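Structure first, then comments.
Just so it is clear, the structure is predicted and the values come from calculations on it, not from any experiment.
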Amino acid sequence: MPATAVPFATPPNTHHIEALAALGLARKYRRGALLIQEGETGDTLYIVLQGRLRAFVSDNQGRELTLGMYGPLEYVGEMSLDGGPRSANVEAAEASTCAVVTRATLLDYIAAHPEFALELMARLIRRARLATDSARSVALIDVYGRLVRLLNELARSPNEAGERPLKERLTHQQMAQHLACSREMVSRLLKDLETGGYIAVRERWIVLRKPLPARW
């Protein structure tokens, strides 16, 4: 289960996604609306037109682990097109609009544009690699190490002052869901890094002021 998934990973070539989205039915979802429920069967693909979706898994105690965040021209739901049950939950992280594409429409599109099947395969391979890396991270790297990895993945290139602001403003709870740990643990580690001068928090945005230490 990805513990440090990058929030946005817009595909470099969106021609097929845009064409496929035009064949779907546009639907709007309020923040928090559940589009996909783990364990249910489904045959629809959701292409984000506006807003963001969050894929996650949860347990009986209500604990959640975020698997990924998806923005415009990203899509979710393709892993259930084999007829199997949904492998995760997907909710609208903010008010969103999606193009809902049925399995039949997707298969017709692939038949007309077989090269798109290669794009789907490449995406599934990337997801499998990310899952492997993240499983290794959860099993072999401590929470601080996972936090450093997440912050570095989310950080922009250095600005003129040599600082790296994050691309995304995440709450401590959202970060905990990425890292498979408690919100209190995230808050404590971030406070320590801030006290040590490694990060700064400005209007709830985290900025990396200097390279983070490998161990804490």
Side-chain angles (χ1 to χ4, degrees), residues 1-58 64-136 150 153-154 167-168 170 174 177-178:
M1 294 181 293
T4 55
V6 180
F8 290 101
T10 303
N13 185 355
T14 60
H15 168 72
H16 285 300
I17 298 302
E18 291 173 343
L20 189 58
L23 300 175
L25 178 64
R27 291 182 179 174
K28 294 184 177 182
Y29 300 93
R30 58 175 175 77
R31 179 182 178 183
L34 194 64
L35 286 68
I36 295 175
Q37 186 167 354
E38 182 181 359
E40 291 186 344
T41 57
D43 64 349
T44 49
L45 183 76
Y46 295 84
I47 301 174
V48 183
L49 301 178
Q50 186 177 17
R52 292 184 302 167
L53 303 182
R54 179 175 77 102
F56 66 98
V57 292
S58 59
E64 298 179 353
L65 175 63
T66 297
L67 304 179
M69 301 289 289
Y70 304 94
L73 298 183
E74 280 279 276
Y75 53 92
V76 297
E78 76 280 7
M79 295 187 69
S80 71
L81 295 176
D82 63 351
R86 301 287 194 181
S87 59
N89 304 295
V90 176
E91 70 173 6
E94 58 188 53
S96 304
T97 302
C98 298
V100 182
V101 180
T102 65
R103 181 176 185 270
T105 298
L106 175 59
L107 293 179
D108 287 344
Y109 187 85
I110 291 175
H113 307 276
E115 68 276 11
F116 181 58
L118 297 178
E119 290 189 22
L120 283 174
M121 289 174 58
R123 177 183 172 85
L124 291 173
I125 290 171
R126 288 195 300 270
R127 279 195 170 185
R129 285 177 175 167
L130 178 60
T132 299
D133 290 344
S134 297
R136 182 184 298 112
L150 176 65
E153 287 179 342
L154 293 176
K167 303 172 185 176
E168 186 77 8
L170 297 178
Q174 289 171 325
Q177 291 167 349
H178 279 286

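- Within the model, atoms CG of Leu45 and CG of Leu23 stand 11.5 Å from one another, a figure rounded to the nearest 0.5 Å.
- To the nearest 0.5 Å, atoms NZ (Lys28) and CD (Gln50) are separated by 8.0 Å.
- Aromatic rings of Tyr109 and Phe116 (six-membered ring for Trp) have centroids within the 6.0 Å cut-off, being under it.
- Of the possible donor and acceptor atoms, one in the side chain of Arg123 sits under 3.5 Å from a partner among the backbone N and O of Tyr75.
- Within the 4.5 Å cutoff, the side chain of Thr44 has no heavy atoms near those of the Val101 side chain.
- Separation of atoms CG (Leu150) and CG (Leu170) is listed at 7.0 Å; rounding is to 0.5 Å.
- The side-chain heavy atoms of Ile47 and Ile17, taken from C-beta on, include a pair separated by under 4.5 Å.
- Closest approach of Cys98 and Leu35 over heavy atoms only: SG-CD2, 4.1 Å.
- Heavy atoms only, all atoms of each residue included: Gly39 and Pro85 are closest at O-CB, 3.5 Å.
- Annotation for Ala99 and Ala21: closest pair CB-O, 3.6 Å, computed over non-hydrogen atoms.
- Between Leu53 and Ile36 the shortest side-chain heavy-atom distance does not fall below 4.5 Å.
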(request) Might you work through the side chain to side chain contact (heavy atoms under 4.5 Å, CB included) test for Glu18 and Leu73, ending with a clear yes or no? (result) CA-CA 7 Å; Glu18 291 173 343; Leu73 298 183; 3.7 Å; yes
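- A 4.5 Å side-chain heavy-atom check between Thr66 and Gln174 finds every atom pair outside the cut-off.
- Using a 3.5 Å distance cut-off with no hydrogens or angles, the side chains of Gln177 and Arg54 do pair a donor with an acceptor.
- The two residues Gly32 and Glu91 make their nearest non-hydrogen contact at O-OE1, 4.0 Å.
- To the nearest 0.5 angstrom, Glu94 atom CD is 14.5 Å from Arg30 atom CZ.
- With Asn89 contributing its side chain and Glu38 its backbone, the two residues share a donor-acceptor pair below 3.5 Å.
- In this structure, Arg27 forms no cation-pi arrangement with Tyr46, as its terminal cationic atom is not both closer than 6.0 Å to the ring centre and no more than 45° off the ring axis.
- In terms of modelled atom types and a separation under 3.5 Å, the side chain of Thr105 and the main chain of Arg103 share no donor-acceptor contact.
- Nearest heavy-atom pair across Gly71 and Val48 is O-CB, 3.3 Å.
- A donor and an acceptor atom, one from each side chain of Thr41 and Arg86, are nowhere located under 3.5 Å apart.
- When all heavy atoms of Ala117 and Ile110 are compared, the pair lying nearest together is CB-CG2, 3.9 Å.
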